[in-house]
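Notes follow once the structure below has been shown.
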Amino acid sequence: MTDLFSKFDPLIEQREQLLQSGLTDPFNLVMEKVESPTVAICNGKRTILLGTYNYMGMTFDPDVVAAGKKALDEFGSGTTGSRVLNGTYVGHRAVEQTLRDFYAMDHAMVFSTGYQANLGIISTIAGKGDYIILDIDSHASIYDGCKMGDAEVVAFRHNDVEALEKRLKRLAPEAGKLVVLEGVYSMLGDVAPLTEMVSVSKANGAMVLVDEAHSMGFIGDHGRGVAEAQGVIDDVDFIIGTFSKSVGTVGGFCVSNHPKFEILRLVCRPYVFTASLPPSVVATAAASIRKLMDSADKRVHLWENSKRLHAGLKQLGFRLGTEEPQSAIIAVIMPDLETGAAMWEALLQEGLYVNLARPPATPAGMTLLRCSLCAEHSTDQVGEILGMFAAAGRATGCIS
Ligand SMILES: Cc1ncc(COP(=O)(O)O)c(C=O)c1O
């Protein structure tokens with residue numbers, strides 16, 4: 001018998017080697033208590049959270065928490081059914097209306113996760129004989145959506161408008177084409193040149209889908225994302241988003257103005273063949289999204305945090321993923337996995353949690369310490385974070 005697990009041996013060995021050196025497992029940290037969007041207790045120690053996707057700090061918002069409790073009391077713990085059977089409650093309709101209002105779009109469809117939204121929308125709208133043209137650094141859920149469907153997949157170099165145009169021009173003018181982009185790329189925190197990319201896509205007869213998972217709530221005057229900030233939101237055919245980041249709960253969605261959009265509720269398998277979100281979750285999401293509409297001050301503070309951390313880390317001598325801060329994600333590039341893991345551990349000892357990211361999730365084989373800021377981080381906390389980076393960086397030899 002061939003052990004089907006033998007393919008994982010190299011990874012098992014690498015992991016064992018790392019842990020033998022006495023390091024804490026960076027992929028197995030337990031939050032013993034979560035005190036706020038920015039502070040938790042880990043290993044009995046107060047830890048500043050700089051590796052969550054809680055960009056707008058909505059998880060402890062009193063109105064959001066109250067909405068969830070009320071729905072739990074009134075509707076119970078779960079729907080036990082698909083949206084197309086017994087799983088559509090008033091709360092599901094209400095959160096979809098909230099999304100239509102938030103984006104000022106005609107249609108909104110809520111999935112159980114953002115992962116499923118990409119799986120469902122991409123695999124359903126691009127079928128046999130169609131083409132998906134995507135950025136090579138696309139999120140796993142985009143790639144998995146491509147795999148699940150029958151379209152031909154063509155990748156182009158990250159954020160390269162010319163490469164996208166070249167790929168599009170090679171395809172037959174009458175072929176169905178879907179260009180898939182992200183607003184913010186979550187590994188390096190860089191933003192896509194959507195103005196040019198959407199224009200090139202439209203000029204070549206393609207529909208455009210933009211995943212705004214890491215920009216919703218924060219980027220753009222109304223927090224609608226990079227497409228809004230760059231003035232092309234009206235030319236984007238589909239926006240994918242998630243409730244698991246700025247919204248502060250779990251769930252995914254697609255919004256669109258396409259006149260035939262509603263048919264997707266009957267043909268999109270990751271929407272049909274899974275249970276709908278619990279009533280408490282959709283209630284917290286709706287309350288949170290309504291508040292995000294009115295969060296301009298928080299957006300300003302989050303930009304200040306992002307600029308301050310980026311400048312401070314650069315000054316300390318760290319190599320960063322972008323020259324200038326472009327989003328709430330600041331990626332610190334580590335020379336290798338061992339140094340990255342040592343630095344991650346040293347930061348944790350200092351009382352700071354960041355994300356350790358490694359291939360295949362990262363581009364170009366990089367090991368990254370990904371810092372994601374929150375609108376609830378105070379200016380003092382950002383100062384504290386910089387002090388911790390300075391101490392850990394010197395202790396591990398990352399900086400002199
Ligand atoms: C770009 C992007 N799209 C989609 C998702 C999936 O979101 P969810 O956590 O709701 O499944 C993520 C999550 O990491 C993401 O980064």
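Atoms within a ligand are numbered from 1 in the order they appear, just like the ligands themselves. FYI, side chains are in, hydrogens and waters are out, and symmetry mates aren't considered; it's all heavy atoms of this structure.
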Contact with ligand 1 for [X], non-hydrogen, under 4.0 angstrom:
{"X": "His214", "value": "yes"}
{"X": "Gly251", "value": "yes"}
{"X": "Ser141", "value": "yes"}

Does a donor on one side chain sit under 3.5 Å from an acceptor on the other, for [X] and [Y]?
{"X": "Asn118", "Y": "Asp144", "answer": "no"}
{"X": "Glu262", "Y": "His107", "answer": "yes"}
{"X": "Glu345", "Y": "Gln349", "answer": "yes"}

Under 4.0 Å to a heavy atom of [X] - the qualifying atoms of ligand 1, by number:
{"X": "Ser244", "result": "8 (P), 9 (O), 10 (O)"}
{"X": "Glu182", "result": "1 (C)"}
{"X": "Asn118", "result": "3 (N), 4 (C)"}

Between [X] and [Y], what is the ring plane arrangement, given parallel below 30°, perpendicular above 60°, and tilted in between?
{"X": "Tyr53", "Y": "His214", "result": "perpendicular"}
{"X": "His258", "Y": "Phe238", "result": "parallel"}
{"X": "Tyr271", "Y": "Phe111", "result": "perpendicular"}

side-chain contact (heavy atoms from CB on, under 4.5 Å), that's the test. Do Ser280 and Lys69 meet it? Break it down for me. CA-CA 7 Å; Ser280 54; Lys69 283 182 177 164; over 6 Å; no
To the nearest 0.5 Å, how far apart are CZ in Phe27 and CZ in Arg15?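 Going from the CZ atom of Phe27 to the CZ atom of Arg15 covers 8.5 Å.
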Among all the protein's non-hydrogen atoms, which is closest to [atom], and how far away is it?
{"atom": "atom 6 (C) of ligand 1", "answer": "Tyr115 N, 3.4 Å"}
{"atom": "atom 14 (O) of ligand 1", "answer": "Lys245 NZ, 2.9 Å"}
{"atom": "atom 3 (N) of ligand 1", "answer": "Asp211 OD2, 2.6 Å"}
{"atom": "atom 5 (C) of ligand 1", "answer": "His139 CE1, 3.6 Å"}

Region of Val250 engaging ligand 1 - heavy atom pairs below 4.0 Å: neither
Look only at interatomic distance and state if Ala213 has a nitrogen or oxygen under 3.5 Å from any nitrogen or oxygen of ligand 1. no
